[in-house]
Structure formats: structure tokens, C-alpha cells
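Indexing begins at 1, ligand by ligand and atom by atom, following the structure's order.
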Amino acid sequence: MTSQIYLALDFPEWEEAKRFLHDHNLQGVPVKVGMELFYREGPAVIEKLKQDNHPIFLDLKLHDIPTTVMRAMKKIAELEVELTNVHALGGSEMIKFAKEGLVNGSGSQITKLIAVTILTSMDQQTMNTELRIPGMLDDNAVHLAETAQNSGADGVVCSVHEAGRIKKACGGNFLTVTPGIRLQQTESNDQKRIAAPGFARENGSDVIVIGRSVTKAQNPNEAYRLAVEEWDNGIER
Ligand code: C5P
């Protein structure tokens, strides 16, 4: 089964990430490794996290010509992480090739392929006027999720506000991965479309990614446990 709560390890280098996990007794929790840490440390950081039994979501958001993405995914498959991702805007052929790379490069356990629909940093106006993509943002996110599913993706990264519609369109087994999570008891930082863990779960998220609500908390261990509790118990009314 896929892990449900990934801690975003947004640190500039491994030593800092390692110290954080150790000091706050978070060994073994599922983690998301993004571009910052991976570009600095390379595949070695994945091996180190695996030695400490962390399930891993490798968040590199590939978007290139299909063959290049396939070859890159073959390399990523060798790292044997749980989840990795591409941009759905790369198109159906690119997503199919990405899946092919993961399948061909994997051993017994195949890394799940997640497609980013539309970044939560994108707004309606920018999508329509700057990128000249017509339509409503949430309709386009659902359409991209369907395209990703038909191309072999196992799920999508989406806003909590689209997760329910995507589940309806793509079915219960298609994973919805949601960032922009804040604990009910903490402030929002710079994220605009935020949701608490319980709210996300009740609105169709299968997996959440939580970063600063934990990493910047006064007591990160307590904050992480609180996220698990809020996720397990659903939203307080
Ligand atoms: O600190 P915070 O909980 O906002 O971190 C969210 C994590 O999820 C970051 O690593 C960020 O890169 C990632 N993310 C996001 N919005 C997306 C996709 C990924 O915030 N649409």
C-alpha cells in the first residue's frame, strides 16, 4: 500500500535533513525528496534514506521529449522509490513513455507514476492570458487527470479542491496526491489554497504532502504526530 503522509524534505543538503530527522525522532517516516536536495546530493541521498527505512516520493516533475523522459525514468526506476512524477502537460505520449521507462527499469516493485495536473501556484488568469490555455482551471485539471490515467499514470498531484472531482472521474484506485497542507492549529505561510489533513482526506485525497507545518514547527515531532492524528480522525466539526 502507498504511504499516506509524506514529509517534504525541503533542505539544501543531506546533513541538514539528516540532523532534522534525527533530532526530532522522525526516522522512518515517509519523505518527499524534491529538486533542491536531489540536485545537491544526487542518488546517494535516496540510498541513505532507504537505509533508514524511509518510504520515498521523488518529486522531480519531469517534462521533456518522450524518449528523454523514458530514459530518465529508467534510471529513476533503479532507485526503487515508492512514487515519482512528471508534468501531465508534457502530453499523453510523454506520460506513456515515462511509464514504460519505469516498468523497464524496475525489478519486482514498480515505482508508481504520478502526474502533476496544474501547479497550485498557477491561477486562472495566468493560465488563460499568459499561457493562452482556455477553460476553467479545475476543469482542465480533471481533463489532465483523465489523460494521465489513460496514458498509464497511477495518479496525480492536485489541489485538495480538485481531488473529489478527479476521484469521481478516474475512480477510487487512481491516486490523488495533495500538497498545500496546514495543520488546523497553525498559520498558512505563503500557500493560498490550503487544507487541513482531515479536510483533505474527506475531500478525496489519498496522499498528502506536508512541509513547513512540520519542519518550521516549534516541536516538529509533535506537529507530525498531529498531522497523522488529524488525518486519521478526519476534520473536527
Ligand atoms: O511547506 P509546504 O507544506 O507548503 O510544502 C509543500 C511541498 O509540496 C513543497 O515541497 C512543494 O514544492 C510541494 N508542492 C507544492 N505545490 C504543488 C506541488 C508541490 O507545494 N503544486
- May I ask you to check whether over 12 heavy atoms, not counting those of Glu222, lie within 6.0 Å of atom CD? no
- Which of the listed options, Ser159, Ala8, Ser121, Pro179, holds the heavy atom that is closest to atom 15 (C) of ligand 1? Pro179
- Please state whether the rings of Phe57 and Tyr6 are parallel, tilted or perpendicular, taking 30° and 60° as the class boundaries. perpendicular
- Sub-3.5 Å N/O-N/O distance, Arg212 and ligand 1: yes
- Query: Looking at Arg182, which atoms of ligand 1 are within less than 4.0 Å of one of its heavy atoms?
  - Reply: 2 (P), 3 (O), 4 (O)
- Item | Non-hydrogen side-chain atoms of Leu7 and Phe20 separated by less than 4.5 Å | yes
- Provide the number and element of each atom of ligand 1 under 4.0 Å from a heavy atom of Lys61. 19 (C)
- Residue pair Leu89 / His63, side-chain heavy-atom distance below 4.5 Å: yes
- Task: Evaluate the side chain to side chain contact (heavy atoms under 4.5 Å, CB included) criterion for residues Glu47 and Leu79: first the C-alpha distance (whole Å), next the side-chain angles of each, then the deciding distance (0.1 Å), finally the verdict.
- Result: CA-CA 8 Å; Glu47 295 309 326; Leu79 301 176; 4.2 Å; yes
- Message: Can you confirm, on distance only, whether ligand 1 has an N/O atom lying under 3.5 Å from any N/O atom belonging to Asp59?
- Response: no
- Message: Counting only heavy atoms from other residues, nucleotides and ligands, does the tally under 6.0 Å from NZ of Lys168 exceed 12?
- Response: no
- Kindly compute the distance separating CE (Met35) from CG (Leu37), expressed to the nearest 0.5 Å. 13.0 Å
- Item | Nitrogen or oxygen of Gly211 less than 3.5 angstrom from that of ligand 1 | yes
- Task: Check Glu36 against ligand 1 and report side chain, backbone, both or neither, counting heavy atoms closer than 4.0 Å.
- Result: neither
- Using a strict 4.0 Å cut-off to heavy atoms of Asp10, name the atoms of ligand 1 that fall inside it. 9 (C), 10 (O)
- Should the proximity of Thr120 to ligand 1, defined as any heavy atom under 4.0 Å, be assigned to the side chain, the backbone, both, or neither? both
